[in-house]
Amino acid sequence: MSDKKESLNFIEQIIAEDIENGKHSGRVHTRFPPEPNGYLHIGHAKSICLNFGVAEDFNGLTNLRFDDTNPVTESTEYVDSIKEDVKWLGFDWGDREYYSSDYFDKFYEYAIKLIKDGLAYVDDSTSEEIASMKGTPTKPGADSPYRNRSVEENLSLFEGMKAGQYEEGSKVLRAKIDMSSPNMLMRDPVIYRIKFAHHHRTGDKWCIYPMYDFAHGQSDSIEEITHSLCTLEFENHRPLYNWFIEKLEIFPSRQIEFARLNLSYTIVSKRKLLQLVNEGIVSGWDDPRMPTIRGMRRRGYTPKSIRNFAERVGIAKRDNIIDVGLLEFMVREDLNKVTNRMMAVLDPIKVVITNYDKGEEFMESVNNPEDESAGVRQIPFSGELYIDSDDFMEEPPKKYFRLKPGGMVRLKNAYIIQCEDVIKDSEGKVTQLNCVYFPDSKSGEDTSGLKVKGTIHWVSANHAKEAEARIYDRLFMDESPDTHKEKSFLDFVNPNSLQIINKIFVEPALYNYSVGDSVQFLRKGYFCVDKDSTKDKMVFNQTVGLRDSWAKMNKN
RNA sequence: UGACCCAUGGUGUAACGGUAGCACUGCAGAUUUUGGUUCUGCCUGUCAAGGUUCGAAUCCUUGUGGGUCAACCA
């Protein structure tokens, strides 16, 4: 193991045992097998981290394999995005990029073998007929009238299917197992269907395509995958997975199932995510509110924070709902260590320092108190500033440490000021504060002897640049939006999940940042530069707010 | 009412027959020129009932609760 871990999850335990027993000569080989019909999301990240992580820990390898057996929903657009996302997360599959479709010839041979062994037959029944003969979970199914065709007839029919002699839907190839099995999947599952569809890799070569159960496990075997890790909903498939290995006499990969990730206030379902995109509820797959890898990247999540998250949530078999707060904790933890602290005012009030007569000066600021190597910078200061509106209250509650009439506050990295005058417009809204500053209270050389409880951020009005901020809230208002029997997840969409602030003021140095860069807006939160930024107007996405014990205290 | 799977604080996850631990959350305090960070302390848990055992979260039985399965999707 790369790191000494105090305990192994159940999959690691199985692998450790297998190695100890010399199974597959101690070799470990996993695979990440996405279907290229959608973008990767946080749930996939868990699987990616598991598969690549476990292989790395046991000196094994991981393949990237596209499970592309259904040409009507799959495309290279998705292939490209998946590769990009896996790479971005920090994993490397080397030259082991595979496609189930690469094995179509092999699968066809496997099917022929099954037919020859009397273990598969061509069925002319309609899909409705097959469904009705399937029985129900509590009632056994009935044999198809075509079940006992001869090997020769099946062979020629199946060849005819391959040759395109039959219409789509008119025939399927089925495994001949047991129509009364208590496991529905063993009731003569369909393994090949006719589809006159163009495949993103094999083009028009095939008009028959294998089903998942006749492709996934077989691909595992061909690649000599030792441990095939998948989610719980495939548990019932395992007997079938093993049946094919036994009957086909191929490499015995072992399927092990773990519980998929569920995140509170979030949906993690490709189909439903697609719906959010198609219905325009979000701006696209990379909308920063989406739990997709691209969405999270645009939001400002780091690969490391996602990997740490995947590690923290653990691997087990029980259903779970992870508190989205844990994800937020992980990104704060990472960003805290690596981002510079910069000043930005999101909702400005003007502060005029009436006794400031120096014109301007520059204040030195540490870039990141958690990382000395980040250095220092100079911030322009002047007699006209902006501060954030919630850093002033005319009638503050007890324990309010910020600015109030007659009160004093420290301007971060600058002087202590005292509020002398509150100027309001005709509606009574505070528009300007007239203050005085104490020249001998300058940060780093303070001889004033003044003690203040609060320190607030600011920007110099004449030096600040305008920018846009996008503040995000959870996309759903229900903890588990897609588990309600009577209601659609769309009923729980949060109408206020995106708040755009058109005009914020940021210190000029922020205009040196590039798309994707992360920064902490002091006392506000972590933000990252959005791709919509222009050189005249930058756009900042709020990744996550800072913990705010003042806000929390006032809620109660 | 068939088969398979699961059950440990609010949420996750450990403990592999021998002191129920860790993380998040929550609460209290210390430090702090970010009401951030950091540090300290605290609260809360083995689904139930039987059985095996000197000893059970762990093994057995029976319940209870939850999940998955009836696409020519994966």
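In what follows, chains carry the letters A, B, and so on, assigned in the order in which the sequence lines appear, proteins first and then strands, with residues in each chain numbered from 1.
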Sugar-phosphate only, base, or nothing, as touched by [X] at under 4.0 Å among non-hydrogen atoms:
{"X": "A:Pro239", "value": "nothing"}
{"X": "A:Leu522", "value": "base"}
{"X": "A:Ile456", "value": "nothing"}
{"X": "A:His237", "value": "base"}
{"X": "A:Glu35", "value": "sugar-phosphate"}
{"X": "A:Tyr192", "value": "nothing"}
{"X": "A:Val172", "value": "base"}
{"X": "A:Asn413", "value": "base"}
{"X": "A:Ser170", "value": "nothing"}
{"X": "A:Tyr400", "value": "base"}
{"X": "A:Arg187", "value": "nothing"}
{"X": "A:Met330", "value": "nothing"}
{"X": "A:Phe401", "value": "base"}
{"X": "A:Lys317", "value": "sugar-phosphate"}

Could you state the [atom1]-[atom2] distance from [X] to [N], rounded to the nearest angstrom?
{"X": "A:Met363", "N": "B:U34", "atom1": "CE", "atom2": "C1'", "answer": "17 Å"}
{"X": "A:Arg318", "N": "B:C6", "atom1": "CZ", "atom2": "C1'", "answer": "8 Å"}
{"X": "A:Leu240", "N": "B:C4", "atom1": "CG", "atom2": "P", "answer": "16 Å"}
{"X": "A:Asp319", "N": "B:C4", "atom1": "CG", "atom2": "C1'", "answer": "13 Å"}
{"X": "A:Glu333", "N": "B:C39", "atom1": "CD", "atom2": "P", "answer": "11 Å"}
{"X": "A:Asn183", "N": "B:C69", "atom1": "CG", "atom2": "C1'", "answer": "7 Å"}
{"X": "A:Trp458", "N": "B:U34", "atom1": "CH2", "atom2": "P", "answer": "15 Å"}
{"X": "A:Leu261", "N": "B:C24", "atom1": "CG", "atom2": "P", "answer": "18 Å"}

Separation between the [atom1] atoms of [N] and [M], rounded to whole Å:
{"N": "B:A56", "M": "B:G51", "atom1": "P", "answer": "12 Å"}
{"N": "B:C6", "M": "B:C42", "atom1": "P", "answer": "35 Å"}
{"N": "B:A7", "M": "B:A57", "atom1": "P", "answer": "15 Å"}
{"N": "B:G63", "M": "B:G2", "atom1": "P", "answer": "11 Å"}
{"N": "B:C73", "M": "B:A14", "atom1": "P", "answer": "36 Å"}
{"N": "B:A28", "M": "B:U13", "atom1": "P", "answer": "29 Å"}
{"N": "B:G66", "M": "B:U53", "atom1": "P", "answer": "35 Å"}
{"N": "B:U19", "M": "B:U52", "atom1": "P", "answer": "23 Å"}

- Message: With nearest nucleotide decided by heavy atoms, which residue, A:Ile322 or A:Thr138, maps closer to the 5′ end of RNA chain B?
- Response: A:Thr138

- Which residue lies more 5' along RNA chain B, comparing A:Ile321 with A:Arg402 via nearest heavy atoms: A:Ile321

- Parallel, tilted or perpendicular: which fits the ring planes of A:Phe104 and A:His199, with parallel below 30° and perpendicular above 60°? perpendicular

- May I ask you to decide if the ring planes of A:His44 and A:Phe32 are parallel, tilted or perpendicular, using 30° and 60° as cut-offs? perpendicular

Does a side-chain N or O from [X] land closer than 4.0 Å to OP1 or OP2 of [N], or not?
{"X": "A:Arg547", "N": "B:U37", "value": "yes"}
{"X": "A:Lys552", "N": "B:G26", "value": "yes"}
{"X": "A:Arg260", "N": "B:U68", "value": "no"}
{"X": "A:Ser264", "N": "B:U11", "value": "no"}
{"X": "A:Arg523", "N": "B:G35", "value": "yes"}
{"X": "A:Thr69", "N": "B:A74", "value": "yes"}
{"X": "A:Lys453", "N": "B:U33", "value": "no"}
{"X": "A:Arg193", "N": "B:A74", "value": "yes"}

- Task: With A:Ile256 as reference, evaluate A:His227, A:Arg238, A:Glu235 under the side-chain contact (heavy atoms from CB on, under 4.5 Å) test and give the passing residue.
- Result: A:His227

- Per the ring pair (Phe, Tyr, Trp, His ring centres under 6.0 Å) rule, which among A:Trp458, A:Phe362, A:Tyr437 passes with A:Phe381? A:Trp458

When you measure only distances, ignoring hydrogens and angles, does the side chain of [X] come within 3.5 Å of the base of [N] through a donor and an acceptor?
{"X": "A:Asn336", "N": "B:U37", "answer": "no"}
{"X": "A:Ser443", "N": "B:U33", "answer": "yes"}
{"X": "A:Glu370", "N": "B:G36", "answer": "yes"}

Under 3.5 Å for both donor-acceptor distances, Watson-Crick or wobble: does [N] have a partner, and if so which one?
{"N": "B:G65", "result": "B:C6"}
{"N": "B:U37", "result": "none"}
{"N": "B:C22", "result": "B:G12"}
{"N": "B:C72", "result": "none"}

- Is the count of non-hydrogen atoms from other residues, nucleotides or ligands lying under 6.0 Å from A:Lys304 atom NZ greater than 12? no

- Query: Any ion pair linking A:Glu311 and A:Lys46 (charged N to carboxylate O, less than 4.0 Å)?
  - Reply: no

Of the listed nucleotides [options], the one nearest the side chain of [X]:
{"X": "A:Phe329", "options": "B:A74, B:U25, B:G36", "result": "B:U25"}
{"X": "A:Arg410", "options": "B:C5, B:G35, B:U33", "result": "B:U33"}
{"X": "A:Ala316", "options": "B:U13, B:U68, B:G2", "result": "B:U13"}
{"X": "A:Thr455", "options": "B:U34, B:C24, B:C69", "result": "B:U34"}

- Message: Taking the six-membered ring for Trp, are A:Phe158 and A:Tyr108 closer than 6.0 Å centroid to centroid?
- Response: yes

- Item | Distance flag, aromatic centroids of A:Phe196 and A:Tyr209, threshold under 6.0 Å | no

- Item | A:Arg65 to A:Tyr98, cation-pi by 6.0 Å centre distance and 45° axis angle | no

- Message: Here's one to test your reading of the geometry: is the NZ or CZ of A:Lys317 within 45 degrees of the ring axis of A:Phe258 and under 6.0 Å from its centre?
- Response: no

- Does B:A71 adopt a syn or an anti glycosidic conformation, taking syn as a chi angle within 90° of 0? syn

- Query: If you measure from the ring centre of A:Tyr212 to the centre of the six-membered ring in the base of B:A74, is it under 5.5 Å, with the planes under 30° apart?
  - Reply: no

